[in-house]
Amino acid sequence: MKLTKQFFQQEDVVMIAQSLLGTLLYSRIGGFYCCGLVTETEAYDGINDKASHAYGGKLTARTRVMYEPGGISYVYFTYGMHSLFNVVTGKPGNPQAVLIRAIYPIEGIKDMQERRKKVLPFNRFTNGPAKLTQALGIDLSHNAIDLEGDTIWFEAVIEPDTYDIRRGARIGVGYAGEDATLPYRFWMIDPEAVMDRNRDIIKQNLNQSQSSSI
DNA sequence: TACACGATTTACT
DNA sequence: GTAAATCGTGTAT
């Protein structure tokens, strides 16, 4: 049940951000097969959103990919050391994206811990937008790639009624004026309990994805 | 070319 | 709680 362009090209980026909660995010990079449960996302709503890199229709070498049809990655580099992973959504010419802010580690845990230099507790080493890209092996070379491919992709396997969602203002967007308070951030309550409830169906998806994407 | 800054993380007080 | 790390990108020379 890999998420397709049909899903990513829906018009409501805020709804997509919410829907991406509870999906499985996979990467097959550098010979490692890794997967995590998406537990936190943020929507960036195109040219009218002051927090968006594409606010005001800004079109540069970096933001160009946001104007592409939904279903590809937008990876950008910030603070001199961090790559942040977004999903481009919506129709061509409408530069929307969803930032993946946190995952709960499921598969390839040893490999992810190896990529992360810092040793942290199990539920805290991929709970940040730059932590999860480092763990999954995502960097600038993965900008603008097709999310229906076999490098980075999402699988929808968990039913929404098995987890609770919270919603609030986005992080680190104080520069966005009144748009800084828009409730475009979504996060999941108690990921460990969600893992327990969905253990079987997740395991089944892990096996299917591994065999079909090699 | 030059320079200020960032959708963050980590270490340290 | 505060500050350092570190460099691609955007904007102004």
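Letters A, B, ... mirror the listed sequences (proteins, then strands); counts begin at 1. Atom set for the values below is all heavy atoms of this structure, side chains included, hydrogens, waters and symmetry mates excluded.
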Counting Watson-Crick and G-U wobble pairs with both distances under 3.5 Å, what is the dot-bracket string for DNA chain C, 5' to 3', using [ ] for crossing pairs and | for pairs to another strand? |||||.||||||.

Using atom CD of E42(A) as one end and atom P of dT8(B) as the other, report the distance to the nearest whole Å. 7 Å

Would you confirm whether the ring centroid of Y74(A) sits within less than 6.0 angstrom of the ring centroid of F85(A)? no

Just how far, in rounded Å, is C1' of dT8(B) from NZ of K117(A)? 15 Å

Given side chain to side chain contact (heavy atoms under 4.5 Å, CB included), test V13(A) with V98(A) step by step and report yes or no. CA-CA 7 Å; V13(A) 65; V98(A) 175; 3.7 Å; yes

Between R185(A) and E40(A), is the closest basic N to carboxylate O distance under 4.0 Å? yes

Between R62(A) and dG10(C), is there a side-chain N or O to OP1/OP2 distance below 4.0 Å? yes

Does some side-chain heavy atom of N94(A) sit less than 4.5 Å from a side-chain heavy atom of E11(A)? no

Show me the donor-acceptor pairs, under 3.5 Å and distance only, between side chains in residues 164-177 of chain A and residues at least two apart or in other chains.
unit_1	atom_1	unit_2	atom_2	d
R167(A)	NE	P183(A)	O	2.6
R167(A)	NH2	P183(A)	O	3.2
R170(A)	NH1	A43(A)	O	2.9
R170(A)	NH1	D49(A)	OD2	2.7
R170(A)	NH2	D49(A)	OD1	3.1
R170(A)	NH2	D179(A)	O	3.1
Y175(A)	OH	A51(A)	O	2.8

Do side-chain atoms of T39(A) reach the backbone of M188(A) as a donor and acceptor pair under 3.5 angstrom? no

Before giving the answer on side chain to side chain donor-acceptor pair (under 3.5 Å), spell out for T162(A) and N198(A) the whole-Å C-alpha distance, their side-chain angles and the decisive distance to 0.1 Å. CA-CA 8 Å; T162(A) 64; N198(A) 294 279; 3.2 Å; yes

Enumerate the salt bridge (Lys or Arg N to Asp or Glu O under 4.0 Å) contacts for residues 118-137 of chain A, please, sequence neighbours excluded, ordered by first and then second residue. none

Measure from CE on M66(A) to P on dT9(C) and round the result to the nearest Å. 15 Å

What does A51(A) touch in the nucleic acid at a heavy-atom separation under 4.0 angstrom: a base, only the sugar-phosphate, or nothing? base

What integer distance in Å separates N143(A):CG from dT9(C):C1'? 13 Å

Validation row, ring centre Y44(A) to ring centre H53(A) under 6.0 Å: no

When you measure from every atom of DNA chain B, which of residues 175-189 of chain A have a heavy atom less than 4.0 Å away? Y175(A)

If I take atom CG in residue D139(A) and atom C1' in nucleotide dT8(B), what distance separates them, rounded to the nearest angstrom? 16 Å

Identify the pairs formed between an N or O of the protein and an N or O of nucleotides 10-13 of chain B at a distance under 3.5 Å, and give each distance.
unit_1	atom_1	unit_2	atom_2	d
dT10(B)	OP1	R116(A)	NH1	2.9
dT10(B)	OP1	R116(A)	NH2	2.7
dA11(B)	OP2	K118(A)	NZ	2.9

Selection: residues 68-93 of chain A, any non-hydrogen atom under 4.0 Å of DNA chain C: F77(A), Y79(A), G80(A), M81(A)

Stepwise, does the side chain to side chain contact (heavy atoms under 4.5 Å, CB included) test hold for F154(A) with V87(A)? CA-CA 10 Å; F154(A) 292 87; V87(A) 177; 3.5 Å; yes

Hey, mind stepping through E155(A) and S209(A) against side chain to side chain donor-acceptor pair (under 3.5 Å) and telling me if it holds? CA-CA 9 Å; E155(A) 301 263 352; S209(A) 293; 3.2 Å; yes

Look at the side chain of R116(A) and the backbone N and O of F125(A), then say whether any donor-acceptor pair between them is shorter than 3.5 Å. yes

Which label fits Y26(A) and W153(A): parallel for a plane angle under 30°, tilted from 30 to 60°, or perpendicular past 60°? parallel

Rounded to the nearest angstrom, tell me the gap between atom OH in Y55(A) and atom P in dG10(C). 18 Å

